[in-house]
Amino acid sequence: MSILNCFTDILSANINAVIDRMENPEKMIDQYLRDMMDDLAEVKQSTAGIMAEEKRAKREVDQNEAEVKKYEELAKKALEAGNEDDARVFLSKKQEIENVGAGLATAYASAHENAVKMRQMHDKLAEDIEKLRQRRAMIKGKMSVAKTQEKLNDVTQNVSKSQSAMGSFQRMEDKANRLLDEANSMSELNSEPIDKAKELEEKYASQTSAAVEDELTRMKRELGLAPAEETDAE
């Protein structure tokens, strides 16, 4: 990742938006964090270089200002000693150094501005990394809950399918019972019709047989053929 692209990403970074774009936050967040750490190392190195350049430019400005003050003091001493020509030489040198100092001041101002921007970029990236670290456990926890919910949804769907299957079995059982009842009814209809007269005939036939036995006993008594036990019992 180039340093320019890194800076663009840092300035426009929005951790929430980045996370929302992740297809698999649980896996991607660690990878994104590693990438950001690599970016931070690159930004830190570049920031250190620019800050060093700022310090060098500031040191040159300070040295230039010291030189200006030195020749100004020398010019004053030359005048005090009554040597105007020497004072002119010192003042001429002072002006040359001041002209150089104007360029040095411009360079330092630019270096200082760059250093400030680089430090802001560095701090922004470091802050985003810390936010991501703090939210990593929360995101992974939510993903775990989401996976559990998915499993629960699958189980619920399977239970619904089972209930549907049970309903189908119940309908098949009801149909089987209905078919069995129909078959039994058909069997009853196909059996031989009941002869009511025949049943009555058998009933009364048994009654007639009993009457014959009674009549036989009575006749035996009249003829004296009944056993003594039967007479006594009579």
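All values reported here derive from a predicted model rather than from experimental measurement.
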(request) State the NZ-CZ distance between Lys76 and Phe90, to the nearest 0.5 angstrom. (result) 14.0 Å
(request) Could you tell me the separation between the CG atom of Leu91 and the CD atom of Gln95, rounded to the nearest 0.5 Å? (result) 6.5 Å
(request) Would you indicate whether the side-chain heavy atoms of Tyr108 and Glu54 approach each other to under 4.5 Å? (result) yes
(request) May I ask whether Leu40 and Met36 are part of the same hydrophobic cluster, defined by side-chain heavy atoms of I, L, V, M, F, W, Y residues being less than 4.5 angstrom apart, directly or through others? (result) yes
(request) Please answer whether the main-chain N or O of Ala102 pairs with a side-chain N or O of Thr106 as donor and acceptor at a distance below 3.5 Å. (result) yes
(request) Could you walk me through whether Met37 and Glu42 pass side chain to side chain contact (heavy atoms under 4.5 Å, CB included), step by step? (result) CA-CA 9 Å; Met37 290 299 297; Glu42 185 176 352; over 6 Å; no
(message) Please enumerate all residues that pass side-chain contact (heavy atoms from CB on, under 4.5 Å) together with Gln31, with sequence neighbours excluded.
(response) Arg34, Asp35
(message) Checking Glu65 now: which residues fulfil salt bridge (charged side-chain N to carboxylate O under 4.0 Å, His left out) with it, not counting sequence neighbours?
(response) none
(message) Under the rule for side-chain contact (heavy atoms from CB on, under 4.5 Å), what residues qualify as partners of Leu79, not counting sequence neighbours?
(response) Glu84, Ala87
(message) If I take atom CZ from residue Arg221 and atom CG from residue Leu223, how far apart are they, to the nearest 0.5 angstrom?
(response) 12.5 Å
(message) Could you check whether any side-chain heavy atom of Met51 comes within less than 4.5 Å of a side-chain heavy atom of Thr47, counting everything from C-beta outward?
(response) yes
(request) Locate the shortest heavy-atom distance separating Ile129 from Leu33; write the atom from each residue and the value. (result) CG2-CD1, 3.7 Å
(request) Only counting residues at least two apart or in another chain, list the ones meeting salt bridge (charged side-chain N to carboxylate O under 4.0 Å, His left out) with Lys117. (result) Glu113
(request) Mind checking salt bridge (charged side-chain N to carboxylate O under 4.0 Å, His left out) for Asp62 and listing every partner two or more places apart, or none if nothing turns up? (result) Lys58
(request) Could you walk me through whether Lys70 and Glu67 pass salt bridge (charged side-chain N to carboxylate O under 4.0 Å, His left out), step by step? (result) CA-CA 5 Å; Lys70 181 183 75 171; Glu67 287 288 306; 3.4 Å; yes
(message) Ignoring hydrogens, what is the shortest heavy-atom contact between Ile97 and Asn64? Give both atom names and the distance.
(response) O-ND2, 2.7 Å
(request) Output the distance between atom CD1 (Ile50) and atom CE (Met121), rounded to the nearest 0.5 Å. (result) 8.0 Å
(request) Could you tell me whether Lys69 and Glu72 have a side-chain N and a carboxylate O separated by less than 4.0 Å? (result) no
(request) Determine yes or no for a side-chain-to-main-chain donor-acceptor pair under 3.5 angstrom, with Ser92 supplying the side chain and Arg88 the backbone. (result) no
(message) If the condition is salt bridge (charged side-chain N to carboxylate O under 4.0 Å, His left out), which residues does Glu80 pass it with, not counting sequence neighbours?
(response) none
